[in-house]
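Before any comments, here is the structure.
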There are 2 protein chains.
Amino acid sequence: MPRIVTIRTVAERAGCSIATVSRVINRSAPTSADVEARVRAAIDELGFRPSEIGRALKTLKTRTVGVLIPSLTNPVFAASVAGVQAAARERRHTLLLTATDYDPGAEAELVETLVAQNVAGLVLTVACASQNATLDLLEAESIPFVLVHNEPEGDARAAVCVDNAAATSALTEAMIAAGHRRIAYLAGRFATSDRSLRRYEGYRAAMQKAGLVAAAPLELDYLGDAPSHAAALAGLFGEASAPTAALCSNDLLALSVTGALRDLGIRVPDHVSVAGFDGIALGRAMSPSLATVDTPTRLMGERAVEMLFEMIETGAAPRVERLPFSLRPGGTLAAAPKRSRRQDPTPPTPLNP
Amino acid sequence: MPRIVTIRTVAERAGCSIATVSRVINRSAPTSADVEARVRAAIDELGFRPSEIGRALKTLKTRTVGVLIPSLTNPVFAASVAGVQAAARERRHTLLLTATDYDPGAEAELVETLVAQNVAGLVLTVACASQNATLDLLEAESIPFVLVHNEPEGDARAAVCVDNAAATSALTEAMIAAGHRRIAYLAGRFATSDRSLRRYEGYRAAMQKAGLVAAAPLELDYLGDAPSHAAALAGLFGEASAPTAALCSNDLLALSVTGALRDLGIRVPDHVSVAGFDGIALGRAMSPSLATVDTPTRLMGERAVEMLFEMIETGAAPRVERLPFSLRPGGTLAAAPKRSRRQDPTPPTPLNP
DNA sequence: CTGTTAGCGCATTCAT
DNA sequence: ATGAATGCGCTAACAG
């Protein structure tokens, strides 16, 4: 039988008014021990559970946090959502989760869906945090939100992220220190993504500082598979003066690129070194392990929730919090080969013919 | 400014009653073109968005689907949730997401949280679907739910899964066909998990059918890291007649085991073959690629939602739907070595000293 | 075709 | 310390 059990049922059973029941439940006012015991007994016997809906309608606030991410399939977002979930649970809040499937056009509609549910606040990762109509809307309605992964300019919007430019610079410098001079930059489909842009900037700065030529980013379809990437990479890495290293804008791309190079008969890291960005757990498990920038993804989700509740409870002003990152050395990043691959005595043979 | 815009505001602006506004919004009754135009104009101008809460309080039904999984960090669950999210979105529903963090004791409380939010139904993965008090509760309150991954006995409970026993049997047979005779079975921490048990049964059946000795499962800490697994595996694989293959109850475990063996100086697949179960995407990306059972994880989530709505709308009876699986060959599964490892002329050297 | 009205479950005044 | 009464935003039943 469904829940015909309301606060009224409990009140009748306990022989008191619904107001008293409410007071017992929420400890919002003192009640006599006698009545309280009767109410609690009635609640247990009836299996009563206060309806969040009734409560929400009254207070116009729900105990839910809206979450918007590009995709759950990317471990980076899954990890930050896991952090959001854990932190929200500590505050007795539930997650209302939506994903855009990498369609920036879907952001607005999905956020409105969440807003219509009267979420207490939002934690979201958008394609681009600057000049984002959706975020403007949230601000206009003064609905608190915190960005994750996005790195907006200034402190106008609350965000938890890493210093993408600095991290990519550090990674680039590590490649240069390993002897690489021709380093390609491979980006996922969305060059418009703010973090992707910042990462590229970091790469460019490091290259320039070292007196090297920063290549234009080669854009690969983020959602493409290894074969499609192999086709796109064949040209670049078939040239006489092909790059000896590939910096990928994120780990998922790096994994795919590694596989694509392998399919082309190009050995990683003997012929070409590869590095990613994010630090997904499975980069550690593969062999050779993936060199990357380790970012505290889960922690970012947790911090975002903490910041969100600060804003809700104390009206704290938005700010950008940059969490520490670290370089993760990995087997995919080795010293640059001494000779050009074309003169290699043992010609590479495709491993997956 | 927050939303002081209610259906009443719209009605005033459009010069009609709130009932008419409601009718326009929901197309629940015919309205004159004239009034409808005025109402729509008012809605646009005011930026009105009907409150899901008010609607829910009235109808006692929300447009949300509750989701409970062990963890988002496991790509298997992330993938099925992605499927759930996509299918739910098609039906204009949002996900209320919670995770137990592999604590079966948390299931009940979290499900009650979801129920208190009046979810339309639930999609969940529990530790064990049989004799589960939480599921009993849902049935008692006749709240529709569909299990994912779990493989309950009979057809008493709705579920979308694969035939775990048959799949593991097929995988075991593939190992036997590759010449392996001593095959270890490594299980995650929760041998009580119904799917883990069924998988072991499939292994056992295949071994017996081939006249081989089925080993007792070696239980590893599911959440453990590679070093802890290495310690646990050192004994088993250090024996004179060590297994030549390891069947792991899931892919995440297989990945960790592969790394642990490598750390022990045991080469995969030259010395020991490894296989997993689930078919996570990253098993393909690693090298050697992971041999495993490919399960349609995302599809399982989608089907679960479809089944859920069948139950909600047509009162369809619960049933277990077993989706097709396939064996994914991978570099970690090779022919059994001809000679025992102990007599190998080139002693293994640790790759990660 | 449209307006009036009565709750849905709860928190919260205002009385007592 | 407790009860009666009000209304949050909306849908639906009923009147017109």
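Residue numbering restarts at 1 for every chain, and letters A, B, ... go by the order of the sequence lines.
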Check: A:Arg49 side chain, C:dG9 base, donor-acceptor under 3.5 Å: no
So which of residues 10-22 of chain A are in contact with DNA chain C, with a heavy-atom cut-off of under 4.0 Å? A:Ile18, A:Ala19, A:Ser22
Rounded to whole angstrom units, what separation is found between the CZ atom of A:Arg8 and the C1' atom of C:dG9? 7 Å
May I ask you to say whether A:Asp101 pairs ionically with B:Arg89, meaning some side-chain N is under 4.0 Å from a carboxylate O? no
Sub-4.5 Å side-chain heavy-atom contact between B:Val160 and B:Val123: no
What contact category does A:Ile53 fall into here, base, sugar-phosphate, or nothing, at under 4.0 angstrom with non-hydrogen atoms? nothing
I need the CZ-P distance between A:Phe48 and C:dG9, as an integer number of Å. 10 Å
Does the side-chain hydrogen bond (donor to acceptor under 3.5 Å, both in side chains) test come out yes or no for A:Asn132 and A:Glu107, once each step is laid out? CA-CA 10 Å; A:Asn132 185 307; A:Glu107 284 173 9; 3.3 Å; yes
Just wondering, do A:Arg40 and A:Val24 contact through their side chains at under 4.5 Å, heavy atoms? yes
Counterpart residues, side chain to side chain donor-acceptor pair (under 3.5 Å), relative to A:Asp44 (two or more places apart): none
Taking for B:Thr59 and for A:Ile25 the nucleotide of DNA chain C with the nearest heavy atom, the one nearer the 5' end belongs to B:Thr59
How many Å lie between CG on A:Leu57 and C1' on C:dC8, as a whole number? 9 Å
Rounded to whole Å, the NZ-P distance (B:Lys58 to D:dG7) equals 17 Å
Could you state the CD1-P distance from B:Ile7 to D:dG7, rounded to the nearest angstrom? 18 Å
For the side chain of B:Ser142 and the backbone of B:Glu139, is there at least one donor-acceptor N/O pair under 3.5 Å apart? no
Do NZ/NE/NH1/NH2 and the carboxylate oxygens of B:Arg298 and B:Glu302 come within less than 4.0 Å? yes
Enter the inter-axis angle for the ends of the helix from C:dC1-D:dG16 to C:dT16-D:dA1 (five pairs per end, rounded to 10°). 40°
Within the distance-only criterion (no hydrogens, no angle test), does the side chain of A:Thr9 pair as donor or acceptor with the backbone N or O of A:Thr6 below 3.5 angstrom? yes
Between B:Arg23 and B:Glu52, which has a closest nucleotide on DNA chain D that is more 5'? B:Glu52
Checking contacts here: which listed nucleotide (D:dG9, C:dG3, C:dC8) is nearest the side-chain heavy atoms of B:Leu60? C:dC8
Is B:Arg55 close enough to D:dG9 that one of its side-chain N or O atoms is under 4.0 Å from OP1 or OP2 there? no
Under the side chain to side chain donor-acceptor pair (under 3.5 Å) test, residues paired with A:Arg319 that sit two or more places apart: A:Glu321
The correct set of residues in residues 28-44 of chain A placing a heavy atom under 4.0 Å from DNA chain D is A:Pro30, A:Thr31, A:Ser32, A:Val35
Salt bridge between A:Arg322 and A:Glu151, side-chain N to carboxylate O under 4.0 Å? yes
With sequence neighbours excluded, what pairs up with B:Thr125 under the side chain to side chain donor-acceptor pair (under 3.5 Å) test? none
